Structure formats: structure tokens, C-alpha cells
Asks: 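To start, I am sharing the structure in question, which I have written as C-alpha cells.
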Amino acid sequence: MVYKLAPSLLAADFGIIKEQLAKLDEAKVPYLHLDIMDGVFVPNLSFGLAVVESIRKYTKMVFDVHLMIIEPERYVEQFAKAGTDIFCFHIEATKDAKATVDKIKKCGMKAAIAVKPATPISEIKDLLGELDMVLVMTVEPGFGGQKFMEDQMEKVKELVKLREENNYKYDIEVDGGVNPETIKTCFASGANVIVAGSAVLGAKDISARVEEFAQIAKEYNI
Ligand code: DX5
Ligand code: ZN
């Protein structure tokens, strides 16, 4: 699988968002992770469609949109129109995950499902063959800057095994608490898409941090 870094916009300084995006582009970052929060599915609020749409014109990065909202199926078309490439919703937030995946694909986006720390992979087993990516939360969703939950690596390993056994194609993404130390555990367990908020956008030198992560990926042959 191919290593992709997905810095989380949540950790950006929104007052200078254009410059922040330019820095990520300069560092040749492939994905931008956008955390959408509704204050219901998670206790926090972030930003919505208007922000996604308005920053779309400033960068060509793949928009990896992580919806932490209830009934995400309500907004599939609108996020597609706003320029979303990957639509990632929480299995805990919808009553009909299969219909949501179908809708996402019909709208021309890649489909991904996220699981909270307490949710086992068995909850999404039937859909794995249809997914482009699975997101394993390594913190309780809602806030940046939390501590990485090492025990979630069991789920990453389980996903690797299921992919091998069934010839599935999904990427494995991890999100929350990733830093130059914890990223090693992620690679060793088999994750290849790495979300990092504070560790990248909060770094003094963004390019140096991006390069540091890329070097570690190389060491793990990812
Ligand atoms: C948490 C979000 C994360 C968050 C990660 O709910 O899904 O994407 O921005 O931030 P860090 O990398 O600082 O833990
Ligand atoms: Zn996220």
C-alpha cells in the first residue's frame, strides 16, 4: 500500500489559511484531512461545507473529509459538489451504511468508514469489500491534541489480515495522536494513510516534519 500523509486542517490557523495550505502544497503533501463536527455526534463544533468549498480553489490536495455528524447520508451530494474526494463517515452515526456507501460512489467520491475506539471491526465486516478506505480512530473523536490509543492497533492488524484473506483493496487510515513516535507503531501495524493535526500543522517547520514522517515510512517500507 502507498503511504499518504493527511494533515488535519483542524490544527491550522484559520486566519492565515491560504498560507497554511501553500505550506502543505510546498511540502508536497498528498491529502488534506477535513474534520466536520456537528456538536451532536461529538461534543465539538468545527466547520462545514462553506469552508470546504472556499478552500477547494487554493489547492489540488485530495480532500479527505471525515464527517463526525449524525446521519451523514443527508449531506453526500453537497460534499461532493463542494469538492470532496474521499467521503468518510462513522458507522455509529448512520442507520444504513450500505445505502450511504452506494450514494457516495454514485456521487463520484471514494467511500470510507470510520470506527470509534469502542467499535469493533465486525460492525463493518459486510462492507469491507466495497470500501476504498477504513479509518481507525486512535483517539475518541472530537478534539485534536489527544493521546494516541495504542490498543487500536489490534484493529489495524485485523484489517490487514481481512484484506489479505479476501483480496480487498482498502487503505487503512489512522487518526488521532500521531507523532514521530506513535507513527512507527501505525506503520508496523499496517496503516498507510496517516492523519496528523498538531504534529504537522502545529510543528515549527511543517516541511521538516513532513520529511521526517516520509523518512520513517521508508524505514517501514511503506
Ligand atoms: C479528532 C479528529 C482528528 C484530529 C487529529 O476528532 O478526527 O483528525 O484533528 O488531531 P491530532 O493529530 O492533533 O490528534
Ligand atoms: Zn479526523
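We count ligands from 1, going down the list as the structure has it; atoms in each ligand are counted the same way. In this text the structure is predicted, and so the values were computed from the model without any measurement.
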Asks: For Leu10, counting its heavy atoms only, list the atoms of ligand 1 lying under 4.0 Å from any of them.
Replies: 9 (O)

Asks: So which protein heavy atom does atom 1 (C) of ligand 1 come closest to, and at what separation?
Replies: Phe143 O, 3.5 Å

Asks: Is any side-chain N of the basic residue among Glu164 and Lys161 closer than 4.0 Å to the acidic one's carboxylate O?
Replies: no

Asks: Between Val52 and Phe63, what is the shortest heavy-atom contact and its length?
Replies: O-CE2, 3.7 Å

Asks: If the cut-off is 4.0 Å to any non-hydrogen atom of His66, which atoms of ligand 1 fall inside it?
Replies: 7 (O)

Asks: Just give me the atom name: the N, O or S atom of Asp175 closest to the Zn ion (ligand 2).
Replies: OD2

Asks: Please state which protein non-hydrogen atom is closest to atom 10 (O) of ligand 1 and give its distance, to 0.1 Å?
Replies: Gly144 CA, 3.5 Å

Asks: Side chains of Glu73 and Thr94 only: does a donor on one sit below 3.5 Å from an acceptor on the other?
Replies: yes

Asks: For His33, take its heavy atoms, then give the atoms of ligand 1 lying under 4.0 Å from any of them.
Replies: 8 (O)

Asks: With heavy-atom distances below 4.0 Å as the criterion, list the atoms of ligand 1 near Gly176.
Replies: 14 (O)

Asks: From atom 8 (O) of ligand 1, work out which of Asp175, Ile36, Leu201 has a heavy atom at the shortest distance.
Replies: Asp175

Asks: Take the angle between the ring planes of Phe79 and Tyr75 and call it parallel below 30°, perpendicular above 60°, tilted in between.
Replies: perpendicular

Asks: State whether Tyr170 and Lys110 meet the cation-pi test: NZ (Lys) or CZ (Arg) under 6.0 Å from the six-membered ring centroid, and within 45° of the perpendicular axis.
Replies: no

Asks: Tell me the protein heavy atom at minimum distance from atom 14 (O) of ligand 1, and give that distance in Å.
Replies: Gly177 N, 2.8 Å

Asks: Applying ring-ring contact (aromatic ring centres under 6.0 Å, His included) to Phe47 and Phe14, what does each step give before you reach the verdict?
Replies: CA-CA 11 Å; Phe47 50 84; Phe14 281 80; 5.6 Å; yes

Asks: Identify the closest protein heavy atom to atom 13 (O) of ligand 1: which residue and atom is it, and at what distance?
Replies: Ser198 OG, 2.5 Å

Asks: Give a yes or no answer on whether the side chain of Ser8 reaches the backbone of Asp35 with a donor-acceptor pair at less than 3.5 Å.
Replies: no

Asks: Say whether Glu140 and ligand 1 are in contact under the criterion: heavy-atom distance to a ligand atom below 4.0 Å.
Replies: no

Asks: Report yes or no: does Thr84 contribute a side-chain atom to a donor-acceptor pair with the main-chain N or O of Ile86 at less than 3.5 Å?
Replies: no

Asks: Just which atoms of ligand 1 are under 4.0 Å from any heavy atom in Pro141?
Replies: 6 (O)

Asks: What is the closest protein heavy atom to atom 6 (O) of ligand 1, and at what distance does it sit?
Replies: Gly142 N, 2.7 Å

Asks: Quick one: closest heavy-atom pair of Gly190 and Ile172, and the distance?
Replies: O-CD1, 4.0 Å

Asks: Considering only non-hydrogen protein atoms, determine which one is nearest to atom 12 (O) of ligand 1 and report residue, atom name and distance to 0.1 Å.
Replies: Gly197 N, 2.7 Å

Asks: Identify, for atom 2 (C) of ligand 1, the protein heavy atom at the shortest distance, and state residue, atom and that distance.
Replies: Asp35 OD1, 3.4 Å

Asks: Restricting to N, O or S atoms of His66, which is nearest to the Zn ion (ligand 2)?
Replies: ND1

Asks: Closer than 4.0 angstrom, basic N to acidic O: yes or no for Asp85 and Lys60?
Replies: no

Asks: In terms of side-chain geometry, is the basic nitrogen of Lys157 or Glu154 positioned less than 4.0 Å from the acidic oxygen of its partner?
Replies: yes

Asks: Side chain to side chain donor-acceptor pair (under 3.5 Å) with Asp102: which of Lys105, Lys98, Lys106?
Replies: Lys98

Asks: Taking the six-membered ring for Trp and the full ring for Phe, Tyr or His, determine whether the centres of Tyr220 and Tyr3 are under 6.0 Å apart.
Replies: no

Asks: If we only count N/O pairs under 3.5 Å, is Gly145 in contact with ligand 1?
Replies: yes

Asks: Using a strict cut-off of 4.0 Å, indicate which atoms of ligand 1 neighbour a heavy atom of Val195.
Replies: 8 (O)

Asks: If we set the cut-off at 4.0 Å for heavy atoms, which region of Ser8 has an atom near ligand 1: side chain, backbone, both, or neither?
Replies: side chain

Asks: Can you tell me which N/O/S atom of Asp35 has the shortest distance to the Zn ion (ligand 2)?
Replies: OD1

Asks: At less than 4.0 angstrom from any non-hydrogen atom of Met68, what atoms of ligand 1 do you find?
Replies: 6 (O), 7 (O)

Asks: Could you list the atoms of ligand 1 found under 4.0 angstrom from a heavy atom of Ala196?
Replies: 12 (O)

